[in-house]
Amino acid sequence: MSSNGKLLAVEVMMELVFVHGWSVTNTDTYAQLPQAIVKLMDPEIALSIRHIHLGRYISFDDEVRLNDIAKAFNDARVDLLGDKPFAVITHSTGAPVMRQWLQMFFGADKISDCPLTHLIMLAPANHGSALAQLGKSRVGRINSFFSGVEPGQRILDWLELGSDGQHQLNLHWLKEFTLEGPLPFVLTGETIDSQFYDYLNSYTAEVGSDGVVRVASANLNFSHLLLEQTAHPLTSFDGRRISTLQLTNHSTPRQQTAFEVINNASHSGSRKGIMGSVTSKNAAKKPVVQRILQCLKVSEPQQYQRLCEQMAETHSVKRKQRTCMLVVRVIDDTGLAVEDFDIILLSGAEFVPGQFAKGFMLDKQRNHSNNHVVTFYFDANKLAKVSDGKIGLRVDPRPNNGVCYYRSGEFHSDGEQVQVLLQADQTTMVDIVLQRQISPKTFTLVDSEHGGDFSHLADD
């Protein structure tokens, strides 16, 4: 029995629920993983396999939101299990669904009462997918993502890199996740199955992903930086006096999340799919199956921590190229989005652009729905070699003059900090807060003697 009294002893039957990505319409998508788990699980632990088929609750309408699916899951869960403890294995978008459900129904003050004991996420889109920006018609043709079912627009909006939904859910995770609730595990791959390669879309074969979800996007070990503009000036690389972006907060999860990159695993498919390739014949030799069985046997925090360390050591071995993601969101001190800006990355002792190793940036994507969010994708090995270990960024916002405007700002890290702020296989979320500059002439009070026409003030 665990310290919170909720995790299951071996003599108690464990209810096991599978939650696939939201657009799946057939339980065949689980391949033979459920049967393999029952067959290979420690005989002292009884397993009852339950499928909650999300397609029963979703019309694939464009108005369906992640919150709607989470609510539908809860209704199904109550009908099927009541308040019985249960474990969940998710795939792809199923992970955000379950995390949204946790937030909606078992916030920080209720997490110890949550009946979910284990949350095992396979290839989860926790920080979205670069494919989501392609649009409904193109994404619907990529079988490895949505199994051939045309997706709804609201879910695509959530999955687009840097969406508001991800930002809110991930900040909640940073602040609220503890081992008092369900034990989370992330297992993902970085192998490309040529069977699902789309020759019109390079994202299906990009480095550091499984063809759909990047390793850094799956990982729930991530960080959040808050950079706030101050009046303190500094001399920029172009000789201008630029205001400082001061690092006022650097947040990481209160607890490490168990995370591993599974060898030779792609997002979907019967050949290499992290779940779809499991059969009754190969299950005993499948690393993902063996790891799931280990995860389900964890029953207390000390065991969890040991498995975290083992998984971290395993997934780092023999991986030559590793990647990381930087999600930058720009707002002003009134809370409004700054939608027109350029981001310039800086490095070295002088904090100038152009000194990064060739090919360090793998991708850059601006969110369609939120123009104030830009996601960068880096080769982590090349990024780690920046001069003096110093990294920085500059934001040049617009408008930069007039009655109401913004000033440019720069952030400069301390020495040897690049690998702290941008870690391999992880995502770094950055919120930049600019000071909105408002001319004193915007609103004035005058006495009656000085009244008259004031249209010229706007041109002064």
**OP:** Check the pair Q133, L159 against side-chain contact (heavy atoms from CB on, under 4.5 Å), reporting the backbone distance first and the verdict last.
**Re:** CA-CA 8 Å; Q133 194 178 74; L159 289 167; over 6 Å; no
Original post:
Is there a side-chain hydrogen bond (donor to acceptor under 3.5 Å, both in side chains) between N381 and Q321 once you walk through the steps?
Top reply: CA-CA 7 Å; N381 296 338; Q321 187 165 11; over 6 Å; no
**OP:** Mark yes or no for whether D62, through its side chain, and Q153, through its backbone, hold a donor-acceptor pair below 3.5 Å.
**Re:** yes
Original post:
Is there a side-chain contact between F378 and T323 (heavy atoms, below 4.5 Å)?
Top reply: no
Original post:
Where the side chain of R254 meets the backbone of K175, is there a donor-acceptor pair that is under 3.5 Å apart?
Top reply: yes
**OP:** Would you name the heavy atoms of I111 and P182 that are closest together and state the gap between them?
**Re:** CD1-CD, 3.8 Å
Subject >> Donor + acceptor pair across side chains of N370, H167 (<3.5 Å) >> reply: no
Subject >> side-chain contact (heavy atoms from CB on, under 4.5 Å) assessment of M429 paired with F222 >> reply: CA-CA 8 Å; M429 300 164 54; F222 60 99; 3.7 Å; yes
**OP:** For the residue pair Q310 and T314, confirm or rule out a side-chain donor-acceptor distance under 3.5 Å.
**Re:** no
**OP:** Go through the steps for V17 and L81 under the test side-chain contact (heavy atoms from CB on, under 4.5 Å), then give the verdict.
**Re:** CA-CA 10 Å; V17 177; L81 300 175; 3.9 Å; yes
**OP:** With rounding to the nearest 0.5 Å, note down the distance linking CD in Q426 to CZ in R322.
**Re:** 9.0 Å
**OP:** Taking the side chain as every heavy atom from C-beta outward, state whether S223 and V420 have any atom pair closer than 4.5 Å.
**Re:** no
Subject >> Closest non-hydrogen atom pair, M361 against K364 >> reply: SD-CB, 4.1 Å
Original post:
Is there a donor-acceptor contact under 3.5 Å from the side chain of Q303 to the main chain of S299?
Top reply: yes
Original post:
Under 3.5 Å, side chain of N367 to main-chain N/O of L161, donor-acceptor pair present?
Top reply: yes
Original post:
Mind checking whether T188 and D210 have side chains closer than 4.5 Å, heavy atoms only?
Top reply: yes
Original post:
Are side-chain heavy atoms of L187 and M121 found at a separation under 4.5 Å?
Top reply: no
Subject >> Note, L225 side chain near N249 side chain (heavy atom, < 4.5 Å) >> reply: no
**OP:** Side-chain contact test, heavy atoms from C-beta onward, threshold under 4.5 Å: evaluate it for L116 versus M98 and give yes or no.
**Re:** yes
Subject >> Pairwise side-chain contact, V327 with V373, heavy-atom cut-off 4.5 Å (strictly under) >> reply: yes
Original post:
When you look at R319 and D425, which way does the salt bridge (Lys or Arg N to Asp or Glu O under 4.0 Å) test go after all the steps?
Top reply: CA-CA 11 Å; R319 294 178 58 232; D425 299 327; 2.9 Å; yes
Subject >> salt bridge (Lys or Arg N to Asp or Glu O under 4.0 Å) between R214 and E190, intermediate numbers included >> reply: CA-CA 7 Å; R214 295 167 177 171; E190 58 179 350; over 6 Å; no
Original post:
Checking side-chain hydrogen bond (donor to acceptor under 3.5 Å, both in side chains) for the pair N126/R99: CA distance, chi angles, key distance, verdict?
Top reply: CA-CA 9 Å; N126 286 317; R99 292 176 56 222; 3.0 Å; yes
**OP:** Verify, without hydrogens or angle tests, whether Q417 (side chain) and D414 (backbone) share a donor-acceptor contact under 3.5 angstrom.
**Re:** yes
Subject >> Lys NZ or Arg CZ of R65 over W158 ring: under 6.0 Å, within 45° >> reply: no
**OP:** To the nearest 0.5 angstrom, please state how far the CZ atom of F351 sits from the OG atom of S387.
**Re:** 9.5 Å
**OP:** Establish, yes or no, whether a centroid distance under 6.0 Å links the rings of W101 and F106.
**Re:** yes
Original post:
Taking everything shown except Q419 itself, do over 12 heavy atoms lie less than 6.0 Å from its CD?
Top reply: no
Subject >> Rounded distance (nearest 0.5 Å) linking atom CG of L40 with atom CD of Q290 >> reply: 6.5 Å
Original post:
Between the side chain of N170 and the main-chain N/O of Q166, is any donor-acceptor distance below 3.5 Å?
Top reply: yes
Subject >> Inter- and intrachain pairs under salt bridge (charged side-chain N to carboxylate O under 4.0 Å, His left out), touching residues 270-292, at least two apart >> reply: D193-R271, E260-R291
Subject >> side-chain contact (heavy atoms from CB on, under 4.5 Å) between H372 and I331, worked out >> reply: CA-CA 7 Å; H372 64 299; I331 62 174; 4.0 Å; yes
**OP:** Looking only at non-hydrogen atoms, find the nearest pair between C114 and L102 and report the distance.
**Re:** SG-CD2, 3.6 Å
**OP:** Check P124 against A95 and note the closest heavy-atom contact, atom names and distance.
**Re:** CB-CB, 3.3 Å
Subject >> Short side-chain to backbone donor-acceptor contact, D332 and G335, under 3.5 Å >> reply: yes
**OP:** Keeping the roles fixed (side chain from S217, backbone from H127), state whether a donor-acceptor pair exists under 3.5 Å.
**Re:** yes
**OP:** Would you please indicate if the ring centroids of H91 and H267 are separated by under 6.0 Å?
**Re:** yes
**OP:** For the pair E228 and Q246, evaluate side-chain hydrogen bond (donor to acceptor under 3.5 Å, both in side chains) and give the outcome as yes or no after the intermediate values.
**Re:** CA-CA 5 Å; E228 296 185 283; Q246 183 177 358; over 6 Å; no
Original post:
Is any NZ, NE, NH1 or NH2 atom of the basic residue among R329 and D164 found under 4.0 Å from an Asp or Glu carboxylate oxygen of the other?
Top reply: yes
Subject >> D388 atom CG, over 12 foreign heavy atoms within 6.0 Å >> reply: yes
Original post:
Distance from T252 atom OG1 to Q423 atom CD, nearest 0.5 Å?
Top reply: 9.0 Å
**OP:** Working to the nearest 0.5 Å, report the span between CZ of R366 and CZ of F376.
**Re:** 8.5 Å
Original post:
Does H118 use its side chain to pair, donor to acceptor, with the backbone of V298 at less than 3.5 Å?
Top reply: yes
**OP:** Taking the six-membered ring for Trp and the full ring for Phe, Tyr or His, determine whether the centres of Y304 and F185 are under 6.0 Å apart.
**Re:** yes
**OP:** Give, for atom OG of S280 and atom CG of L33, the distance between the pair rounded to the nearest 0.5 Å.
**Re:** 12.0 Å
Original post:
Mind checking whether I120 and T90 have side chains closer than 4.5 Å, heavy atoms only?
Top reply: no
Original post:
What closest approach, in Å, do N282 and T279 show between heavy atoms, and which atom pair accounts for it?
Top reply: OD1-N, 2.8 Å
**OP:** Say whether, by atom type as modelled, one donor and one acceptor occur between the side chain of S209 and the main chain of G211 under 3.5 angstrom.
**Re:** yes
Subject >> Test ring-ring contact (aromatic ring centres under 6.0 Å, His included) applied to F341 - qualifying residues, sequence neighbours left out >> reply: none
Original post:
Shortest non-hydrogen contact from P96 to L169?
Top reply: O-CD2, 4.0 Å
**OP:** List the steps and the verdict of side-chain hydrogen bond (donor to acceptor under 3.5 Å, both in side chains) for S163 and E160.
**Re:** CA-CA 6 Å; S163 73; E160 188 174 347; over 6 Å; no
